[in-house]
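As structure tokens, the structure follows; a few thoughts come after it.
The basis for the numbers below is simple: all heavy atoms, side chains too, and nothing from hydrogens, waters or symmetry mates. In each ligand, atom 1 is the first atom listed, and ligand 1 is the first ligand listed.
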Amino acid sequence: MRILLLTHSFNSLTQRLFAELKADGHELSVEFDIADRVAEEAVELFRPDLILAPFLKRAVPESIWSRHLTLIVHPGIVGDRGPSALDWAIMNGETEWGVTVLQAEAEMDAGPVWACVRFPMRAATKASLYRNEVTTAALQAVRAAIQHVPDWRAGEWAPITLAEIRQVAPVQGWEEPKAYPATRASGGARHADMAGCAALLPPYDRAFVCGKLGLERPLMKRADRVIDWTRDNTQTVLQKLRAADGFPGVADALFGTPCSLFDAHPATPEELRPAQPGEVIARRDNALLRATIDGAVWIGHVKRADGDHRFKLPATAAFAAEAAALPELAVPLHREASDLRWSELRYRESPDGTTGFLAFDFYNGAMATDQCQRLTAAIEYARSRPTRVLVLEGGRDFWSNGIHLNRIEAAASPADESWANINAMNDVCLALLTLTDRVTVAALRGNAGAGGCFLALAADYVWARDGIVMNPHYKNMGNLFGSEYWTYLLPRRVGPEAGRRIMGNRLPLLARDARAASLVDATFSADLPTFEMEIARHATALAADPAFAERITAKAARRAADEAEKPLAAYSEEELAALRRNFYGFDPSYHVARYHFVMKSPQSWTPRHLARHRDLGWRVPFSR
Ligand code: COA
């Protein structure tokens, strides 16, 4: 099928759908939803069999949905409508939620239902739920919907309208769809689908469906999210912050300055200090500890409403002077998983002591200079431990996304900070590359982008969770050359020709495709807890390998041979020379691209590598 993705941006969900549907054999092209006329032109050029809208901020124009099959991915259960679906689900403490694929019609989110998939809710931020549960469910629902398209075209299958659901739900209940009166010739087929849909709805939805089906829930407003520090307990504070993360945050104030809060983590009882609710009492890493009426929360990121830097920054960077005056509540790097004290870095070891696990859960996978320095120090600590294998776990949602573009944007000299950051990033790579007395494994639990991908290649093995997406290229950031020893690491793994192709194509790669391209050595379960167990098992097996000593000897020999052929320092010097031009040269593309990325400037055109229908070639085969 020819599928046009009409989307607000090429976000993680859209990237995943793009890559998976392409792997399913469909022909994909992307158009950003910028203006009706532009979207209409894209449809004219591409002549899609299906228009899929995974992430829209406004309604699809009638000129499109009335003439072409257009399916919308809505991050809510059947009957849920409105632009704040997940926000309300978190705020209302729903225990189950879902994704519905609806046909676009005049009323937003009220079209006939093509498919729906449910998932259990997790105590996590909206962004994390979106990147994980919603994305997985959306892919399932989209695939189910696509399967119906041929039958729908043949008139042998029809989606279920909300009016029909409303009619059947109170009468028969969801478990007895067979009694549903057939209103079309293809009733049998639609009953089966109705049963599928019904089975996907949790029991409480019956009441919901009866009473409120199709009622639009309004955009969640600033006032709905406000925290009352004198009344809200920790649970409520966390719920409000999670429902607003990564966007728009909770409007609040710190040190008397209005700002939006993000990235909250509960404090443990031993971290509490006597304090007034709302008072900021300590700092750790880049976060501030703020008291609630019955505990405290760590606030990792804020967006100030004043000054020049009105974008998300680590709390201690946005309020540098105030934070510096607070006591630091340090926590040991080496602590068991059962120790619930939050911090960005955690090192632990397997029960038999043979394997170390280093997690670096940096918000959004962005790694600023100080974070890179702390990570390098943590790798040095791991080096001092008598283990045989070191697993680099990265973060839960992102393994790493490379240098911290927001911190760079906020620096007095973005060029100098870019330089410092990339050098600190290279130090992390170097610490890994020179860890020749043990085996290293990059375990990609979450997505990796740009420098983060190449950092992973500095490990001996790259193991990825099935379904994660990698973006192993720098060019989208204003033609950035990139460093992280990629000129050594990429050809070493995939060969020079494939390396050039990967860097040039600027597209997301699924873990499976990355494995086929030899960027990744193995993929394991898509389910995170299962993935983590598999990683632990395989890492321990590596450590117990009778040939371990030979493996280490071979590793050290290869590193020595590579070094003799061309020292690592030579690779980084060459890369840094090119980067120096990006940072300090006359072409400001990188600075411009970074500014727009950080400021989230609206897109004014779809990049050519995504809008394939705008390649001249498309006009020929499809101009019918
Ligand atoms: N620095 C700062 N913030 C970053 C970041 C980076 N390197 N990479 C991602 N982020 C932030 C995004 O701004 C976004 O912030 P938000 O929470 O305020 O919305 C969040 O992480 C999620 O990113 P998003 O773009 O929505 O994720 P995605 O999965 O859709 O896309 C990437 C992933 C990697 C393609 C995309 O984030 C990207 O291009 N990042 C920049 C990578 C880069 O050029 N790094 C520098 C060179 S090493």
Atom pair CZ/CG of F311 and N406 - distance to nearest 0.5 Å:
6.0 Å
Could you list the atoms of ligand 1 found under 4.0 angstrom from a heavy atom of M477?
41 (C), 44 (O)
Non-hydrogen atoms of K600 versus ligand 1: any pair closer than 4.0 Å?
yes
Contact between M367 and ligand 1, counting heavy atoms under 4.0 Å?
no
Considering only heavy atoms of G451, which atoms of ligand 1 have at least one such atom less than 4.0 Å away?
48 (S)
Taking the side chain as C-beta and beyond, is there a heavy-atom pair between S483 and L576 under 4.5 Å?
yes
Candidate list I299, T316, L313, test side-chain contact (heavy atoms from CB on, under 4.5 Å), partner N286, passing option:
T316
Heavy-atom contacts with A366 under 4.0 Å: which atoms of ligand 1 show up? List them by number with element.
1 (N), 2 (C), 3 (N), 6 (C)
Determine whether the side chain, the backbone, both or neither of N471 has a heavy atom under 4.0 Å from any heavy atom of ligand 1.
side chain
Element-labelled atoms of ligand 1 that are located less than 4.0 Å from some non-hydrogen atom of N11
30 (O)
Taking only non-hydrogen atoms of F262, do any sit less than 4.0 angstrom from ligand 1?
no
Kindly assign one of parallel, tilted or perpendicular to the pair F583 and W419, based on the angle between their ring planes and the thresholds 30° and 60°.
perpendicular
Just go through S12, A448, G482, S9 and tell me whose heavy atom is the nearest to atom 29 (O) of ligand 1.
S12
Nearest protein heavy atom under 4.0 Å from atom 26 (O) of ligand 1, yes or no:
no
Spatial distance of atom CG (L6) from atom OG (S29) [nearest 0.5 Å]
11.0 Å
Output the list of atoms in ligand 1 that are nearer than 4.0 Å to some heavy atom of Q15, sorted by atom number.
30 (O), 31 (O), 35 (C)
Test ring pair (Phe, Tyr, Trp, His ring centres under 6.0 Å) on Y474 and F454; report intermediate values, then the result.
CA-CA 10 Å; Y474 299 92; F454 300 102; 5.1 Å; yes
What atoms in ligand 1 come closer than 4.0 Å to a heavy atom of N406?
2 (C), 3 (N)
Roughly how far apart are M477 CE and S418 OG, rounded to 0.5 Å?
11.0 Å
Quick look: F247 vs ligand 1, heavy-atom contacts under 4.0 Å, and the answer is neither
Heavy-atom pairs closer than 4.0 Å: do any link ligand 1 to the side chain of R131, the backbone, both, or neither?
side chain
Can an N or O of N401 be found at a distance shorter than 3.5 Å from an N or O of ligand 1?
yes
Only heavy atoms of K312, strictly under 4.0 Å: list the atoms of ligand 1 that pass.
16 (P), 17 (O), 18 (O)
How far apart are the closest heavy atoms of L289 and A267, and which atoms are they?
CD1-CB, 3.7 Å
Give me the atom names and distance for the closest heavy-atom approach of A127 to G246.
CB-N, 3.5 Å
Are S589 and D587 close enough, and set up right, to give a side-chain hydrogen bond (donor to acceptor under 3.5 Å, both in side chains), and what steps lead you there?
CA-CA 6 Å; S589 300; D587 177 358; 2.6 Å; yes
Indicate yes or no: does an N/O atom of I403 lie under 3.5 Å from an N/O atom of ligand 1?
yes
Answer with side chain, backbone, both or neither: which part of L480 has a heavy atom less than 4.0 angstrom from an atom of ligand 1?
side chain
Contact bool for atom 32 (C) of ligand 1 (protein heavy atom, d < 4.0 Å):
no
Can you tell me how far CZ of R506 sits from CG of N471, rounded to the nearest 0.5 angstrom?
11.5 Å
